[in-house]
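Structure first, then comments.
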Amino acid sequence: MKRFKTKARSKVLYAAPLAIASSALAVSLIAPQIARASTSNLAPVSPTQLVSWIKSTSPIPLSGTVTGTTSFPVPSASLLNSSNPESGLSGSSTESYNVWANGSGSFRSQQVSAGAEKDLYVTPGSAWLWNSANLTATNEQRQGSDSNGYSSGSKPGGATPGATASEIVSKLSAYSALSVSGSTMVAGRPAFTLTLVPTASDSLIGSIQIAVDGQTHMPVQVQVFPKGSNSPAASLGFVTLTFAPQPSSIFSFTPPSGAKVINGVQSSASNGNQPGSGSGTKVVGKGFDSVAIVTAAPKATSVLGGFVKSLPTISTPAGSAHLYSTPIFEALILPNGTIVAGAVDTSRLIQVASGL
Amino acid sequence: MLASELSLLFRRRRTKVLLILLFLAPWLMGYIIYQFGGGRGDQGPNFLNLVTHNAVFLVLASMSSLLPLLFPLAVSLIASDSIAGEASLGTLRYLLIAPVSRLKLLVCKLVTSVIFVLVASVGVTISSLTAGVILFPTGKVLLLSGQMESFAHGVLLALLVSVLVAASLISVVGIGLAISTFTDIPVGATLGTLGIVILSEILSNITQVRGIWPLLPTNYWFSFADIFRNPIRFGPIWKDFINQGIWIVFAFTLAMARFLNKDITS
Amino acid sequence: MQSDQEITQNQRIEEAGSLAIATKGLTKALGGANVVENVSLEVPTGSIYGFLGPNGSGKTTTIRMILGLVAPDAGEVEILGASEPRDRQLKLSRVGAVVEGPGFYPYLNGFNNLKRFAQVAYPAQRRSNPRIRMLTDADISSSLELVGLLDARNKNYRAYSLGMKQRLAIAAAMLWPRELLVLDEPTNGLDPQGIVEVRDLLTSLNQNGLTIFVSSHILSEVEIICSDVGIMGEGRLLFQGSTKAFRSSLGDEFVVETANPGLAESILLQFGFAEPDSIEIQSGRLSAVLITDEIERVVTALVNGGVGIRAVGKSSPSLEEAFVALTGRSGHAR
């Protein structure tokens with residue numbers, strides 16, 4: 001009889017599934033950190049050079065995905081979709097949308113949800129807001145757009161990093177200490193970082209960092225840091241970005257048959273939750289210290305009613321007010337509906353409110 | 001061997017009942033929508049609001065309602081029966097001494113379950129299209145992004161959906177097969193498989209574990225709807241393929257390690 | 001059945017004196033305790049080997065190790081001359097087996113069940129004999145006929161009686177040309193008539209050249225047909241050899257019929273002819289296992305001691321008694 005150990009089977013076979021499971025876990029948990037930690041080497045530039053790039057951004061054909069994140073609850077996200085504003089108020093808030101631009105005035109943003117989407121189609125001379133969930137096409141032409149992209153508050157993809165950065169730089173660079181910090185990577189591309197540190201000491205904001213693409217000089221990310229914190233309280237930036245010509249089919253839209261067509265903003269009650277519409281806004285102070293006083297329209301307060309009621313109250317000389325407090329700004333909602341808000345602490349807001 | 005497996009599976013009454021139930025679901029759904037309308041349809045990926053506009057959307061509506069539970073249930077019933085079912089009947093030992101190699105048996109069981117998934121998915125699509133054409137309009141098809149395409153184009157997309165849904169269920173086949181090699185009780189294997197699917201669906205709603213979302217087998221299940229967009233959103237579809245690929249390789253190598261080492265005492 | 005007779009008889013001539021199954025030091029622990037311990041079987045080619053032992057003595061685990069279903073913790077297996085796993089796997093195509101009862105698909109009828117196993121076994125059959133053809137429906141029907149199930153061919157397996165199931169399992173084991181049959185408790189659930197039929201079937205298959213390895217916990221069911229036996233108890237092989245050798249290994253019994261068995265006992269003890277616990281007395285009859293071979297001296301002593309002898313003789317114990325004695329000594333008799 002040949003000598004042979006019958007126990008030929010082997011536990012070695014378990015090595016394969018073990019290796020697959022552990023490498024899949026490792027890749028999914030470690031890869032994002034590696035991507036975050038990676039840096040690049042761009043030739044140094046001066047802060048003024050960066051500021052001028054940010055201010056004079058010209059449209060470039062591109063496609064990408066923009067993600068906006070706040071470390072605090074934001075009511076507007078839930079107001080878009082639901083009649084119950086309190087449903088979206090827990091923890092942080094993240095919103096993503098895809099954007100396309102053809103470099104000559106056409107722009108599209110697309111907010112995708114499971115089995116539905118909202119689109120903003122902007123071409124020179126027309127602007128449509130499309131919602132597949134209720135099959136409505138809203139003609140937004142009257143609101144128009146600017147060269148930096150489309151900025152209209154709570155619309156999907158309304159705020160692009162470019163438009164936001166440009167606004168911040170033009171309004172706040174005079175009140176900031178500017179510096180260019182080490183090169184970072186945004187959406188996998190090398191980028192410069194312009195840091196704005198408030199010269200005034202009583203702002204809640206510690207710094208604002210604006211990343212500018214190293215190749216195209218387009219602002220690709222804006223991050224707002226609270227005082228004394230290393231993690232941004234609010235951030236808006238590209239997570240994927242490709243500069244390339246885009247086919248015109250991406251931007252073409254005519255309301256499909258069977259869809260409900262709404263003209264203008266007057267009739268868009270379900271979409272136009274801007275507290276600013278039909279209201280008066282006054283600004284007190286300058287730069288980071290400025291406080292906005294918004295005399296809210298009754299419509300806005302009623303839409304925000306549930307959210308406001310969920311906020312804590314404090315007593316002010318103008319009566320008992322609701323306080324919406326975040327790491328980078330605070331807002332007082334006075335009994336008469338007036339909103340006093342700014343990137344300052346509560347005592348400053350009360351001071352402004354009592355002067356009304 | 002494969003032919004024998006297939007005839008064994010599809011000759012079984014349980015398999016036929018499962019398939020008939022799956023194929024009837026679109027008719028029931030279509031009839032309810034036909035009678036009572038699509039509802040507001042502003043919540044979740046149900047496409048109900050679109051079904052009354054075009055027959056093709058009954059495919060999407062059916063897939064959306066079957067994918068979370070009924071499809072995984074049917075697939076885990078079949079896949080988890082692969083080895084555990086043969087073990088509980090006592091046929092496993094006779095297959096192995098026939099002799100059939102253990103690896104070959106495992107591969108045949110995997111392929112058979114995958115074919116079942118394809119038959120179920122394509123069948124549901126054809127059944128949905130048939131019901132849709134009878135009950136609803138068949139004109140131009142609206143994409144989620146707002147553009148209109150021809151009906152033929154819509155039917156083509158619907159058939160692609162059936163392939164994407166089948167691909168999304170590959171992980172369930174693998175998990176079922178793997179669990180099937182660890183027990184001799186088919187019901188236990190089915191419940192275990194279904195349990196993992198449900199756990200995955202629960203975890204995909206918990207933001208604290210966002211880091212592992214891309215690894216969850218159900219994470220990209222609804223990516224099939226992305227071919228109804230303009231431009232077609234391939235990102236989640238590729239991610240689903242990669243995800244399902246990782247799961248099937250993991251599950252099959254685990255099943256292999258277990259089954260090739262297993263003492264057959266049933 | 002094709003040409004199995006031809007093949008196996010040629011094989012038998014080639015391998016005269018060889019072993020169909022050989023194991024060396026087979027050991028297997030399940031759930032912490034050794035279920036099988038150091039079992040070395042030698043099953044001669046052409047024999048009907050009775051693998052006997054009470055339930056739980058390790059027979060089925062041993063059979064599973066022989067057939068490659070269970071991996072031994074230690075020891076070697078050789079089957080039809082093959083010892084490497086790949087070769088053994090291939091040789092299984094020449095082995096028909098019934099292990100721990102029948103296993104079939106309840107939702108298929110008898111015919112389709114056999115067809116399923118014919119289909120799955122075909123590739124291996126082809127590998128060991130490239131000229132072999134897939135079994136035809138007629139081949140399968142004749143297998144059913146062999147075990148008397150032709151009339152029940154279209155009945156669902158689920159509706160079969162226990163005896164029918166057992167017979168279908170034997171038919172499945174005989175589907176293809178075989179050299180060796182491994183049958184684990186093939187008579188379980190059969191009525192006495194069925195047991196006789198199985199025995200006759202096995203005898204005729206053996207005459208056609210098949211080696212048959214048959215296990216049972218009821219010795220009387222198979223002892224008549226076995227040429228060789230292996231006795232298992234508590235996971236160990238207690239005895240192995242020809243049936244004849246097993247019988248003689250136990251020694252004969254001395255039997256004397258007398259009106260005075262008590263006196264006879266005291267004389268046997270006084271002369272030291274037998275141990276006290278080997279002596280058994282029934283009314284007018286004494287039996288004992290003698291220590292000595294000289295029966296003449298024993299008879300003379302009894303006569304001289306005044307025991308009136310009506311009859312005297314030797315009796316061989318039945319295999320059943322021997323079996324109980326052997327396995328009972330290890331505390332496992334049932």
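Keep in mind it's a predicted model, so treat the numbers as computed, not measured. Here is how names work: the chains are called A, B, and so on, in the same order as the sequence lines, proteins then strands, and each is numbered from 1.
- Contact of A:S28 with chain B is made through backbone and side chain together, with heavy-atom distances under 4.5 Å.
- For the set B:R233, B:K140, B:M148, the count of heavy-atom pairs under 4.5 angstrom toward chain A peaks at B:R233.
- Heavy atoms of B:L144 lying under 4.5 Å from chain A belong to its backbone as well as its side chain.
- Both the backbone and the side chain of B:I246 come within contact range of chain A, each with at least one heavy atom under 4.5 Å from a heavy atom of that chain.
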Stepwise side-chain hydrogen bond (donor to acceptor under 3.5 Å, both in side chains) test for A:T69 and A:S235: CA-CA 5 Å; A:T69 318; A:S235 145; 4.8 Å; no
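- The backbone N or O of B:W221 sits nowhere less than 3.5 Å from a side-chain atom of B:T218 that would complete a donor-acceptor pair.
- A donor-acceptor pair is defined here as one N or O able to donate and one able to accept, closer than 3.5 Å; such a pair exists between the side chain of B:N54 and the backbone of B:G139.
- B:D263 places no side-chain N or O within 3.5 Å of a backbone atom of B:T265 that could act as its donor or acceptor partner.
- In this structure, chain A has heavy atoms under 4.5 Å from both the backbone and the side chain of B:M256.
- Ranked by heavy-atom pairs under 4.5 Å with chain B, the list A:V112, A:T254, A:L25, A:L29 is led by A:V112.
- For B:R258, the parts sitting under 4.5 Å from any heavy atom of chain A are the backbone and the side chain alike.
- When atom types are taken as modelled, the side chain of B:N243 and the backbone of B:P214 share a donor-acceptor pair closer than 3.5 angstrom.
- Classification of the B:F224-B:F222 ring pair by plane angle, with boundaries at 30° and 60°, yields tilted.
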